[in-house]
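Counting starts at 1 for both ligands and their atoms, following the listed order.
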Amino acid sequence: MSFAENALAGKTALVTGGATGIGAAIVRKLGKLGARVAITSRKEDNLKAAVQGFAEEDGIEVIYRVGDVRDSDGIAAVISDIGSQLGGLDILVCNAAGNFICPTEDLSSNGWRTVIDIDLNGTFNCCQAALPFLKNAASGGRIISISSTHADSGWPTAAHAGAAKAGIQNLMKSLSAEWGKYGIRANWVSPGPIEGTEGVDRLIIAQGKAREVLNRIPLGTFGQGEDIANAVVFLAGETGAYVSGTELVVDGAARWGS
Ligand code: HXC
């Protein structure tokens, strides 16, 4: 799928968790469409390798800062620094997430808290920290959070992540209402299973569930990172100008399959 060349020229973007998986696919797409992009995550090795890959394979310059979205003061400093470096921030993609499989009866309170802290509290921290920049975005700041279709269905053996993703969706609705007066649009993309991501590798393939899951997807394949990136671009660009407080599901109809 192609958008107009330079559809995002002159825009600046931050993708949290942008070094790997879906985040990296989003970075590639935003960068190729002309946005200046920054990434942040906890692991400097991943960030360095990703920035090198974006430059060599995609011809895009991406800057990085190490940061943990759970640390509200720390991530605020990182986002402030990135906003200064890029000369503003038009697009915030809240993609950083943590997850693991664990039956809820065995889940420790710290395990629960850790995932809620990364996914839900981390999203809040980033939105709050980016607000001064998003308010100044010339054609309206955009917040796009990466959620999951499991936010609606519940997520047996990943109840922590399901609850966090549901919380993120509700937060986006509140922000769309509160920050619309600043021209900010807040939406979320809900991916189904996306090939080549840690989520699918660890939570589906490593559990021996690939065939079972594929059989339940009406379109018959896992999604690609680029499918999610296309949805993000739609919401981030002029195409999404009057879209706020809502969901874009990209799952091959997996949630209706049986
Ligand atoms: C049970 C576990 C566990 C596991 C961690 N914990 N892994 N419990 N089963 N497999 C518990 C620990 O025992 C500890 O509780 C608490 O969680 C915190 O664990 P730490 O390892 O200390 O935390 P941390 O180092 O911050 O690691 C964060 C993490 C980790 C989320 C737990 O898995 C991680 O960093 N993952 C990498 C990022 C990631 O998960 N990406 C995939 C996202 S996929 P106690 O009580 O012992 O102190 C996604 C969508 C998937 O979100 C879509 C699929 C379809």
Side-chain angles (χ1 to χ4, degrees), residues 15-26 39-47 49-50 66-72 74-75 93-123 125-126 144-169 188-217 219 221-225 227-228 231-232 247 249-255 257:
V15 182
T16 67
T20 55
I22 287 172
I26 294 168
I39 57 176
T40 184
S41 78
R42 283 180 290 164
K43 296 178 185 156
E44 183 153 27
D45 288 352
N46 285 354
L47 290 163
V66 177
D68 186 334
V69 296
R70 292 173 279 194
D71 169 10
S72 56
I75 203 68
V93 182
C94 297
N95 165 77
N99 199 0
F100 53 81
I101 294 287
C102 184
T104 306
E105 65 189 62
D106 299 328
L107 184 62
S108 70
S109 60
N110 193 36
W112 170 270
R113 190 165 44 242
T114 298
V115 171
I116 298 289
D117 218 11
I118 299 170
D119 295 19
L120 179 56
N121 298 343
T123 297
N125 290 337
C126 291
I144 298 134
S145 291
I146 305 304
S147 182
S148 167
T149 49
H150 292 284
D152 289 332
S153 65
W155 203 341
T157 71
H160 40 5
K165 298 293 192 182
I168 288 169
Q169 298 191 2
W188 66 98
V189 175
S190 293
I194 303 299
E195 197 165 18
T197 58
E198 203 180 325
V200 163
D201 288 348
R202 240 169 1 107
L203 306 183
I204 296 176
I205 295 172
Q207 313 289 320
K209 291 185 175 165
R211 179 45 49 197
E212 179 196 330
V213 171
L214 281 169
N215 285 342
R216 281 192 272 111
I217 301 174
L219 289 184
T221 60
F222 290 129
Q224 301 297 313
D227 295 319
I228 306 307
V232 168
E247 176 175 41
V249 177
V250 184
D251 76 338
R255 66 205 185 289

Task: Candidate pair Ile75 and Asp68, rule side chain to side chain contact (heavy atoms under 4.5 Å, CB included), full reasoning - done: CA-CA 6 Å; Ile75 203 68; Asp68 186 334; over 6 Å; no
TODO: Using a strict 4.0 Å threshold on nitrogen-to-oxygen distance, state whether Lys43 and Asp45 make a salt bridge.
DONE: no
Under 3.5 Å, which donor-acceptor pairs link side chains of residues 98-115 to any protein atom two or more places apart or in another chain?
from: Ser108; atom 1: OG; to: Gly111; atom 2: N; distance (Å): 2.9
from: Thr114; atom 1: OG1; to: Asn110; atom 2: O; distance (Å): 2.6

Task: First-shell residues of ligand 1 [heavy atom, distance under 4.0 Å] - done: Arg42, Arg70, Ala97, Gly98, Asn99, Phe100, Ile101, Cys102, Ser108, Asn110, Gly111, Thr114, Ile118, Trp155, Glu198, Gly199, Arg202, Leu203
Task: Within 6.0 angstrom of Asn215 CG, more than 12 heavy atoms from elsewhere - done: yes
Open item on the list: How close do Ile168 and Ser145 get, counting heavy atoms only, and between which atoms?
Closed with: CG2-CB, 3.6 Å
TODO: Keeping the roles fixed (side chain from Gln207, backbone from Arg202), state whether a donor-acceptor pair exists under 3.5 Å.
DONE: yes
